[in-house]
Amino acid sequence: MHDKTLAELARGLAAGDFSSRELTTSLLARIKRHDPAINSFITVTEEQALEDADAADALRHRGEAGVLGGLPLAYKDIFCTEGVRTSAGSKMLDNFIAPYNATVVEKLRHAGTVSLGKTNMDEFAMGSSNENSYYGPVKNPWNPTLVPGGSSGGSAAAVAAGLAPAALGTDTGGSIRQPAAFCGITGLKPTYGRISRYGMIAYASSLDQAGPMARTAEDCAMLMNAMAGHDARDSTSVARNVPDYTQDLDKPLNGLKIGLPVEYFGEGLAPEVESAVREAVKVYESLGAQVIDVSLPHTRLAIPAYYVIAPAEASSNLSRYDGVRFGHRCEDPADLEDLYKRTRAEGFGDEVKRRILIGTHTLSEGFFDAYYRKAQQVRRLIRQDFLDAFTRVDVLMGPAAPTTAFELGAKADPVQMYLQDIYTIAINLAGIPGISVPAGLADNRPVGLQILGPHFGEAHLLNVAHVYQQATDWHQRRPEIKE
Amino acid sequence: MAIEHANVLRAAHLARLGVSDAQAERYVDDLSRILEMVDRLAEIDTEGVAPLSHPLDATQPLRADEVIETDRRDTFQKVAPATADGLYLVPRVVE
């Protein structure tokens, strides 16, 4: 059962081939057997999972189960789950039991899904390798010496290893798409504001967006139907009609105009990634698409702009962790200032501290115009690049990451790590949707093809990805895991 | 723009983040390299370009000013490190 897609499992449940309890029990056993070596979960909620499964089975007996009824999912440990530890991968929140559910968790519960637990991640979603977790690094199921990518590395690894058929991630600069690419799964970052951020621990609020991670585009579409929509509790969520994302999945791609950004095929791109991506583009040509070269001229400024905007927002968002209302508190504080300073020095890891310091510095008196204002101006130019490109083409395609998964410990220098996100980060600055789909293996390491669309173009992206997955089998490749 | 030892200590203080002198030295190095990368922004003329703070240029919607949440103080204080009589406890601030 563990290598079936969400859609296949849904059909199996509907046909009565197995119950949600049987499915859930088998996945929990698999997590117990394999996760000690992978470390993709921070918390497994076994009891709750079985309760959820029984409730879903009962609903199905009464003929009241929805499409997602009884399907097990895992949540990145950044989504608040009532009564369950929600750590954001940080010592700061190691003792934090969320008092409420994130809106997206609530919606998926309402749809009848089963929660298997909370997945590992880079601390506060800051990282591209999952090495920044208080709970230790996650190993890539394809090869335990490799990183799974980050920051949603636990979610990606859990799906790739068949521990969960799908998981939720969040993406601020590539944190769904890059780990999806490294682990050989499908991951969608929707348009900014498409899914509520309420109850999703904030990193950089103008960039953060939740999204589905699963084996196929079809599975992502099924989850999007339950996840998307306006939420009165998140004023940045968009009040706009939610389409049925599964409706047009099979639409033929005749005449699809694909743009290849020349900046995404330049220096720094590993040759094996480039050849896999170009191979995928040829598949699209054989399906009737036209390919043209386009330019996103401000691409080289995306990482610099991001590393001003994201840390600035983070330094403000993370000021709430002060040892007073929740989370870690230092022992025997001498006074209030000592309480704040020691609590935060003890509770945060190295990368989080770096970003708080950068953000505080660039926002401080005398530096604001040169950094923050400038970065926001460049952000507009970067968005304009995409708006211009989408007047000429329907979608853009390129690599999700410049290389395949790298070795654990290989990128000790923070700036080298930041450069990992060269092809994903501009998408968050522009607020557009992007999806990574498996498009090859190089030296037994998965390669991800990234497909980008205009604002609110998720349904079309899922269609473009799904038709590719009907013509290829890269998404069906699984890492070899000794049973 | 390079970052100096004093800038790091100032940012750490503003962020109420305990950083020792020795740690600050290490951050000078890390942060300088990050800011050096960020300095590429200066290459481009952005005169007259409006800053973009929200990717959809949305403005903040307002709702009616009415009470919609119930009092959940006890629930929220269950996860607090120290409380008494519904109040959060911190070291004495005023003698």
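Naming: A, B, ... by sequence-line order, numbering from 1 per chain.
If you measure heavy-atom distances from A:H361 to chain B, the contacts under 4.5 Å come from both the backbone and the side chain. Neither the backbone nor the side chain of A:F386 comes within less than 4.5 Å of any heavy atom in chain B. Both the backbone and the side chain of A:L336 come within contact range of chain B, each with at least one heavy atom under 4.5 Å from a heavy atom of that chain. Both the backbone and the side chain of B:A82 come within contact range of chain A, each with at least one heavy atom under 4.5 Å from a heavy atom of that chain. Interface remark: A:R355 contributes no atoms to any contact with chain B (heavy atom separation under 4.5 Å). Heavy atoms of A:S206 lying under 4.5 Å from chain B belong to its backbone as well as its side chain. Only the side chain of B:E43 comes within contact range of chain A, with heavy atoms under 4.5 Å apart. A:L429 touches chain B through its backbone: at least one of N, CA, C or O sits under 4.5 Å from a heavy atom, while the side chain does not.
Between chain B and the residues A:Y192, A:F96, A:Y340, A:Y372, the most heavy-atom pairs under 4.5 angstrom are made by A:Y192. When B:R92, B:K78, B:R10 are compared by the number of non-hydrogen pairs under 4.5 Å with chain A, B:R10 comes out ahead. Highest contact tally toward chain B, considering only A:A305, A:A98, A:G359, A:P304, is held by A:P304 [criterion: heavy-atom pairs under 4.5 Å]. In terms of heavy-atom pairs under 4.5 angstrom with chain B, the leader among A:E365, A:H298, A:Q384, A:E346 is A:E365. Considering only heavy-atom pairs separated by less than 4.5 Å from chain B, the leading option among A:E337, A:E313, A:R383 is A:R383. The choice from B:D57, B:L89, B:V93, B:T75 that makes the most heavy-atom pairs within less than 4.5 Å of chain A is B:D57. Contact count against chain A (heavy-atom pairs under 4.5 Å) is highest for B:I44 among B:I44, B:T83, B:V8. Heavy-atom pairs under 4.5 Å with chain B were tallied for A:S235, A:P414, A:A239; the largest tally goes to A:S235.
In this structure a side-chain-to-backbone donor-acceptor pair under 3.5 Å is present from A:R380 to B:P51.
Taking OH from B:Y27 and CG from A:D350, the interatomic distance works out to 4.5 Å, rounded to the nearest 0.5 Å. Rounded to the nearest 0.5 angstrom, A:T362 OG1 and B:I34 CD1 are separated by 11.0 Å. Residue B:L41 holds its CG atom at 13.5 Å from OH of A:Y307, rounded to the nearest 0.5 Å. Atom NE2 in B:H13 sits 12.5 Å away from atom OG in A:S364 (nearest 0.5 Å). How far CG of B:L52 is from CD of A:Q376: 7.5 Å, rounded to the nearest 0.5 Å. Taking CG of A:L381 as the reference point, atom CG of B:D45 lies at 9.5 Å (rounded to 0.5 Å).
Across all their heavy atoms, A:R329 and B:V90 have their closest contact at NH2-CA, 3.6 Å. Between A:G431 and B:P55, the closest heavy-atom pair is CA-CB, 3.6 Å. Smallest separation of non-hydrogen atoms from A:R379 and B:S53: NH1-O, 3.8 Å. Summarising the geometry of B:V49 relative to A:Q377, their closest heavy-atom pair is O-NE2, 2.9 Å, with the distance given to 0.1 Å. Considering every non-hydrogen atom in both A:R300 and B:R40, the closest pair reads O-NH1, 2.9 Å. The two residues B:P81 and A:V324 make their nearest non-hydrogen contact at CD-O, 3.2 Å.
A heavy-atom distance below 4.5 Å is not found between the side chains of A:Y306 and B:V38.
Checked for salt-bridge contact, B:R33 and A:D413 meet the test: a charged N lies under 4.0 Å from a carboxylate O. Note on B:D39 versus A:K374: no salt bridge recorded, every NZ/NE/NH1/NH2 to OD/OE distance being 4.0 Å or above.
Listed by sequence position, B:L14, B:A15, B:R16, B:L17, B:G18 are the residues of residues 14-24 of chain B in contact with chain A, using a 4.5 angstrom heavy-atom cutoff. Within residues 62-73 of chain B, the residues approaching chain A closer than 4.5 Å by heavy atoms are, in numerical order, B:E69, B:R72.
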I would like to know whether A:F326 and B:Y88 meet side chain to side chain contact (heavy atoms under 4.5 Å, CB included); could you show each step before the answer? CA-CA 10 Å; A:F326 52 82; B:Y88 292 96; over 6 Å; no
